[in-house]
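Here's the structure we're looking at; comments come further down.
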Protein chains: 2
Amino acid sequence: MTLNQNTFTGEYSYALDAKGRVNIPAKFRNVLTADNDQSFVITRGMDPCVWVYPIIVWQSIEDELRKLSSLSQVNRSFVRSTVRYASSVQYDKQGRIAVSSNLIQYADLGKEVLILGMVNKIEIWNPDILDSVDKQSQKIDSSQFDELANQIIL
Amino acid sequence: MTLNQNTFTGEYSYALDAKGRVNIPAKFRNVLTADNDQSFVITRGMDPCVWVYPIIVWQSIEDELRKLSSLSQVNRSFVRSTVRYASSVQYDKQGRIAVSSNLIQYADLGKEVLILGMVNKIEIWNPDILDSVDKQSQKIDSSQFDELANQIIL
DNA sequence: ATATATTGTGGGTAGTTGTGGGTAATAATC
DNA sequence: GATTATTACCCACAACTACCCACAATATAT
């Protein structure tokens, strides 16, 4: 398969078990480069969902944060809010990662979860919440998409 | 796991015991390089919290301080306030460090504390104070905050 | 169509981690 | 020098996590 490395697309339905574990879809694991050491960084998403980055991708974020001096108040609160809920996880022999109860609560995850590929990261959603967020964002008026047109070619 | 060395992320709830000891989260201890000799430098944070640096990281800060000319009044008082409350601690067999009563007072720590990874250092907070500081700073600098987010968050 | 490999899900077990308390060594005070 | 306070070091235990195995469902190959 010649898909881009560390790049994820598609939607998958999976189970979050009693121990707080979810499977990472095999298709996602197979495009993970070896230097990730089968590991991700899992954190709060900007939407009410969980974000999962390949560790290599996350490290580039960390490197940027490291450059910010803690003398500045804004810098401090930005670093804090960015890394506060982030932690690294390695998937087990069965391909599952553990989701902390903190994140399960934040994204209001139940037994059934939706896993979305989002190009450079993965999102884990409660299906109902994704639905309502989706409907809401359809109301966003098309002028905002016009703005995006300047930045990306589809 | 291939996380960056001497780099900390995530939020953890821990207990400060009657003897003034707190556990350093295992995840943090495990990314500490051996040359730190299981030791940190603990000092006052710029926010009302306690800062905990790996000794190796702290040494590089000292190197920077050394470069600041003492001709400037601002420099002098900055160096003074930075170094004044700093002291080194080694964690015990159970992974705990002792927090001096001076610092406990400064950060107003009770039995329950929050430990935050802040990339190159660790913060120890009273949860209530973190809450209010967090809310306040989000009001004040939201525009600068967004700017940083646009540059750094992937 | 059948056999083989891969993938998703559940659960058990051994080791690790967090927390409290105890005892000995050291320092401080009278 | 004796007494008290403080600190460093050790042990115990409950809770949790990482790791392993089992098995059913799905996909792939023969």
Side-chain angles (χ1 to χ4, degrees), chain A residues 1 3 8-32 36-42 50 52 55 85-105 109-117 122 124-125 127, chain B residues 1-3 8-32 37-42 50 52 55 87-105 109-117 122 124-125 127:
Chain A
M1 197 180 295
L3 259 180
F8 316 101
T9 60
E11 175 183 298
Y12 303 86
S13 174
Y14 279 90
L16 181 74
D17 73 16
K19 292 182 179 177
R21 299 174 296 187
V22 233
N23 206 305
I24 299 294
K27 284 202 174 178
F28 291 177
R29 295 198 306 263
N30 292 337
V31 294
L32 250 202
N36 284 286
D37 196 28
Q38 314 191 321
S39 301
F40 296 92
V41 166
I42 185 170
V50 174
V52 183
I55 224 175
Y85 301 102
S87 83
S88 72
V89 280
Q90 190 175 35
Y91 62 76
D92 66 15
K93 238 175 185 172
Q94 281 66 248
R96 294 170 294 191
I97 58 168
V99 184
S100 72
S101 57
N102 193 313
L103 291 173
I104 291 177
Q105 263 191 304
L109 300 179
K111 180 158 166 54
E112 191 202 342
V113 299
L114 277 184
I115 301 192
L116 305 189
I122 299 164
I124 306 177
W125 284 85
Chain B
M1 216 170 292
T2 38
L3 254 183
F8 315 100
T9 64
E11 175 186 282
Y12 302 85
S13 175
Y14 280 91
L16 182 74
D17 71 17
K19 294 181 181 177
R21 300 174 297 186
V22 233
N23 206 303
I24 299 293
K27 283 208 170 184
F28 292 178
R29 295 197 307 263
N30 292 337
V31 294
L32 252 202
D37 195 29
Q38 314 190 320
S39 300
F40 296 92
V41 167
I42 187 171
V50 174
V52 182
I55 262 203
S87 73
S88 73
V89 280
Q90 190 174 35
Y91 62 76
D92 66 15
K93 233 175 187 172
Q94 280 68 246
R96 294 170 293 193
I97 58 168
V99 184
S100 72
S101 57
N102 193 312
L103 291 173
I104 291 177
Q105 263 191 304
L109 301 179
K111 181 160 165 54
E112 191 201 343
V113 299
L114 276 184
I115 301 192
L116 303 189
I122 299 164
I124 306 176
W125 284 85

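By convention in this document, chain letters (A, B, ...) are assigned in the order of the sequence lines, proteins followed by strands, and residues within each chain are numbered from 1.
A:D17 and A:R21 get closest at one heavy-atom pair: OD2-NE, 2.8 Å. When all heavy atoms of B:V89 and B:A98 are compared, the pair lying nearest together is CG1-O, 3.7 Å. Taking both residues in full, the closest heavy atoms of B:K27 and A:S88 are given as NZ-O, 2.7 Å, listed atom of the first, atom of the second, then distance. Scanning all heavy atoms of the two residues, the minimum distance from A:L103 to A:V50 falls at O-CG2, 3.9 Å. The heavy-atom pair separating A:D37 from A:S39 by the smallest distance is O-OG, 2.9 Å.
Listed in residue order, the members of residues 18-25 of chain B having a heavy atom less than 4.0 Å from DNA chain D are B:K19, B:R21.
At least one side-chain heavy atom of B:Y12 sits under 4.5 Å from a side-chain heavy atom of A:S87.
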- Task: Go ahead and write out DNA chain C as dot-bracket, 5' to 3': ( ) for pairs within the strand, [ ] for ones crossing earlier pairs, | when the partner sits on another strand, dots for unpaired; Watson-Crick or G-U wobble, both distances under 3.5 Å.
- Result: ||||||||||||||||||||||||||||||
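Side chains of A:N23 and A:R29: a donor-acceptor N/O pair is present below 3.5 angstrom, by distance only.
First and last contacts of DNA chain C with chain A, using any nucleotide atom under 4.0 Å from a protein heavy atom and ordered 5' to 3', fall at C:dT7 to C:dG12.
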- Before giving the answer on side chain to side chain contact (heavy atoms under 4.5 Å, CB included), spell out for B:T9 and A:V41 the whole-Å C-alpha distance, their side-chain angles and the decisive distance to 0.1 Å. CA-CA 10 Å; B:T9 64; A:V41 166; 5.8 Å; no
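Interatomic distance, CG of A:N36 versus CD of A:Q90, reported as 10.5 Å (0.5 Å rounding). Rounded to the nearest 0.5 Å, atoms CD1 (B:I115) and CH2 (B:W125) are 13.5 Å apart. The CD1 atom of A:I124 sits 7.0 Å away from the CG atom of A:L109 when rounded to the nearest 0.5 Å.
The separation between A:K27 atom NZ and D:dA27 atom C1' is 11 Å, rounded to whole Å. Distance A:Y91 OH to D:dC19 C1': 16 Å, rounded to the nearest Å. Rounded to whole Å, the distance from CD on A:Q90 to P on D:dC20 is 11 Å. Put simply, CG on B:D17 is 13 Å from P on D:dA8, counting in whole angstrom units. Atoms CD (B:Q94) and C1' (D:dC16) sit 17 Å apart, rounded to a whole Å. Counting to the nearest Å, the P atom of D:dC11 and the CG atom of B:D92 are 13 Å from each other. Whole-Å rounding puts the A:R96 CZ to D:dA22 C1' distance at 11 Å.
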Nucleotide N/O of nucleotides 23-26 of chain D paired with protein N/O under 3.5 Å:
none

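Residues passing the side chain to side chain donor-acceptor pair (under 3.5 Å) test with A:Q38, sequence neighbours excluded: none. Annotation: ring pair (Phe, Tyr, Trp, His ring centres under 6.0 Å) contacts of B:F8 (sequence neighbours excluded): B:F28.
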